[in-house]
Amino acid sequence: MSRTNYSAYMAIKNKIMEIFRSETFEKNKLPSEAALANRLGISLVTLRESLMMLALEGYITKRHGSGNYVHPSTLDYENRIYCYTEYLHKKGYHAGIQLFAQEWTPANQREAEMLGVQEGERLLVNRLVYLADEHPAIYTIHRIPARLLIREDVAQMPFAQIHILIRDYMGRELAHALNDYQPIAAQGTYAQRLALAEETPILSNHQVFYDISDQELVYSTNYFHPEYYQLRTLQNWDLGR
């Protein structure tokens with residue numbers, strides 16, 4: 001977006017999304033771009049930049065000579081949600097967090113590879129469960145290199161929103177995360193934490209959070225109770241054209 005900065009785009013996006021959610025359009029075709037720009041009080045150039053971003057995110061499809069089409073099926077797509085507490089809330093549950101343990105441990109080989117640190121480097125390891133109506137839904141292990149922490153009161157860490165934790169306790173700006181999902185059988189501690197029978201099929205993932213300079217910040221593993229978390233992905237066909 002050459003002319004419209006990110007914060008301005010987000011404000012415009014929120015206004016457009018409010019229109020999408022509150023109104024219906026014949027055959028899902030949006031009003032003309034001129035009409036939308038006038039309604040939102042923005043320039044046509046700014047609107048077109050915003051619509052292009054919405055198209056890249058899969059909310060709309062743009063067709064030259066035909067117009068713009070909104071996709072109601074994508075508007076409340078749960079896997080666009082970045083925090084597990086928000087995900088559970090959107091699914092209709094009261095979300096909570098139970099912290100089981102915090103400990104300082106040396107990085108093993110796998111942790112060192114995922115965090116880009118030396119094996120044996122000191123890590124802060126947090127073990128917690130995200131709750132859905134008081135039921136265990138997601139068992140999570142966060143690992144943070146000790147040298148990246150800027151505060152000592154780690155017992156007060158907030159886990160509801162990882163970008164807040166990273167901002168306040170690491171002084172970094174979260175940019176993105178990479179997720180590797182795997183089907184496994186629940187065993188041992190994570191079967192116990194999720195109140196599941198041994199060998200119950202579940203989904204797990206390995207997750208690494210990066211800052212804007214592409215520095216690895218946090219390495220997490222997550223184990224999902226199949227009743228409370230399901231993975232869906234959106235494939236935007238226009239991106240492959």
Side-chain angles (χ1 to χ4, degrees), residues 1-92 160-164 166-167 172-181 203 205-218 220 222 224 229-241:
M1 302 185 70
S2 57
R3 300 177 181 84
T4 307
N5 64 36
Y6 183 73
S7 61
Y9 161 66
M10 288 303 297
I12 296 166
K13 174 183 174 180
N14 290 337
K15 291 180 180 179
I16 295 174
M17 296 295 286
E18 184 178 342
I19 293 173
F20 289 172
R21 291 190 175 101
S22 61
E23 300 180 23
T24 58
F25 306 94
E26 185 177 358
K27 296 183 179 179
N28 293 327
K29 184 177 180 179
L30 296 176
S32 70
E33 292 181 354
L36 275 175
N38 183 64
R39 176 172 176 177
L40 293 166
I42 59 178
S43 72
L44 194 56
V45 170
T46 298
L47 176 75
R48 285 174 176 164
E49 290 177 339
S50 299
L51 292 178
M52 181 60 70
M53 293 300 294
L54 289 171
L56 291 173
E57 294 181 59
Y59 290 111
I60 68 172
T61 291
K62 297 177 65 65
R63 284 292 176 264
H64 181 69
S66 177
N68 301 308
Y69 297 82
V70 64
H71 306 303
S73 60
T74 69
L75 297 182
D76 292 304
Y77 195 62
E78 61 261 29
N79 285 87
R80 293 179 186 271
I81 295 170
Y82 298 103
C83 303
Y84 292 138
T85 49
E86 184 184 358
Y87 172 89
L88 294 170
H89 177 72
K90 287 281 190 179
K91 297 287 281 187
Q161 296 180 306
I162 189 69
H163 69 286
I164 301 296
I166 287 170
R167 182 196 69 194
R172 304 296 183 100
E173 182 181 351
L174 178 60
H176 64 276
L178 296 179
N179 293 268
D180 178 18
Y181 283 87
L203 196 63
N205 84 347
H206 296 272
Q207 185 177 42
V208 180
F209 297 90
Y210 297 80
D211 69 7
I212 58 175
S213 65
D214 225 30
Q215 166 74 53
E216 300 94 337
L217 301 176
V218 180
S220 300
N222 303 282
F224 304 99
Y229 184 93
Q230 299 82 38
L231 176 67
R232 292 197 303 162
T233 62
L234 183 147
Q235 294 173 278
N236 185 355
W237 240 245
D238 271 5
L239 294 182
R241 288 178 178 271

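Heavy-atom minimum distance, Gln207 versus Asn179: NE2-OD1, 2.9 Å. Here the closest heavy-atom approach between residue Arg63 and residue Tyr69 is recorded as CB-CE1, 4.4 Å. Shortest non-hydrogen contact noted between Leu36 and Pro31 is CD1-O, 4.0 Å. The heavy-atom pair separating Ile16 from Ser50 by the smallest distance is CD1-CB, 4.2 Å. In terms of heavy atoms, His71 sits closest to Gly58 at CD2-O, 3.6 Å. Contact detail for Tyr210 and Leu217: the closest heavy-atom pair is C-CD1, 3.9 Å.
Atom CD of Glu49 is separated from atom CG of Leu44 by 10.5 Å, given to the nearest 0.5 angstrom. Here the straight-line distance linking atom CG of Asn68 with atom CG of Leu51 works out to 5.0 Å at 0.5 Å rounding. Taking CG from Leu234 and CH2 from Trp237, the interatomic distance works out to 10.0 Å, rounded to the nearest 0.5 Å. Rounded to the nearest 0.5 angstrom, Asn28 CG and Ile60 CD1 are separated by 12.0 Å. Separation of atoms CD1 (Ile162) and CZ (Phe209) is listed at 5.0 Å; rounding is to 0.5 Å. Taking OH of Tyr229 as the reference point, atom NZ of Lys91 lies at 10.0 Å (rounded to 0.5 Å).
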Could you check Leu54 against Lys13 for side-chain contact (heavy atoms from CB on, under 4.5 Å), going step by step and ending with a plain yes or no? CA-CA 8 Å; Leu54 289 171; Lys13 174 183 174 180; 3.8 Å; yes

Evaluate the side-chain hydrogen bond (donor to acceptor under 3.5 Å, both in side chains) criterion for residues Ser213 and Asp211: first the C-alpha distance (whole Å), next the side-chain angles of each, then the deciding distance (0.1 Å), finally the verdict. CA-CA 5 Å; Ser213 65; Asp211 69 7; 2.8 Å; yes

List the steps, then state whether side-chain contact (heavy atoms from CB on, under 4.5 Å) holds for Leu231 with Phe224. CA-CA 10 Å; Leu231 176 67; Phe224 304 99; over 6 Å; no

side-chain contact (heavy atoms from CB on, under 4.5 Å), that's the test. Do Arg48 and Lys62 meet it? Break it down for me. CA-CA 10 Å; Arg48 285 174 176 164; Lys62 297 177 65 65; 5.6 Å; no

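With hydrogens and angles ignored, the 3.5 Å screen pairs a side-chain donor or acceptor of Asn14 with a backbone N or O of Met10. Between the side chain of Asn236 and the main chain of Glu57, no donor-acceptor pair closer than 3.5 Å is present.
Other residues, nucleotides and ligands contribute only 12 or fewer heavy atoms inside 6.0 Å of the NZ atom of Lys15.
For Glu173, there are no salt bridge (charged side-chain N to carboxylate O under 4.0 Å, His left out) partners two or more places apart in sequence or in a different chain.
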Side chains of residues 19-26: which donor-acceptor pairs under 3.5 Å do they make with residues two or more places apart or in other chains?
from, atom 1, to, atom 2, distance (Å)
Arg21, NE, Asp76, OD1, 3.3
Arg21, NH2, Leu75, O, 2.7
Ser22, OG, Glu18, O, 2.8
Glu23, OE1, Arg39, NH1, 3.3
Glu23, OE2, Arg39, NH1, 3.1
Glu23, OE2, Arg39, NH2, 2.4

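At least one side-chain heavy atom of Arg172 sits under 4.5 Å from a side-chain heavy atom of Gln215.
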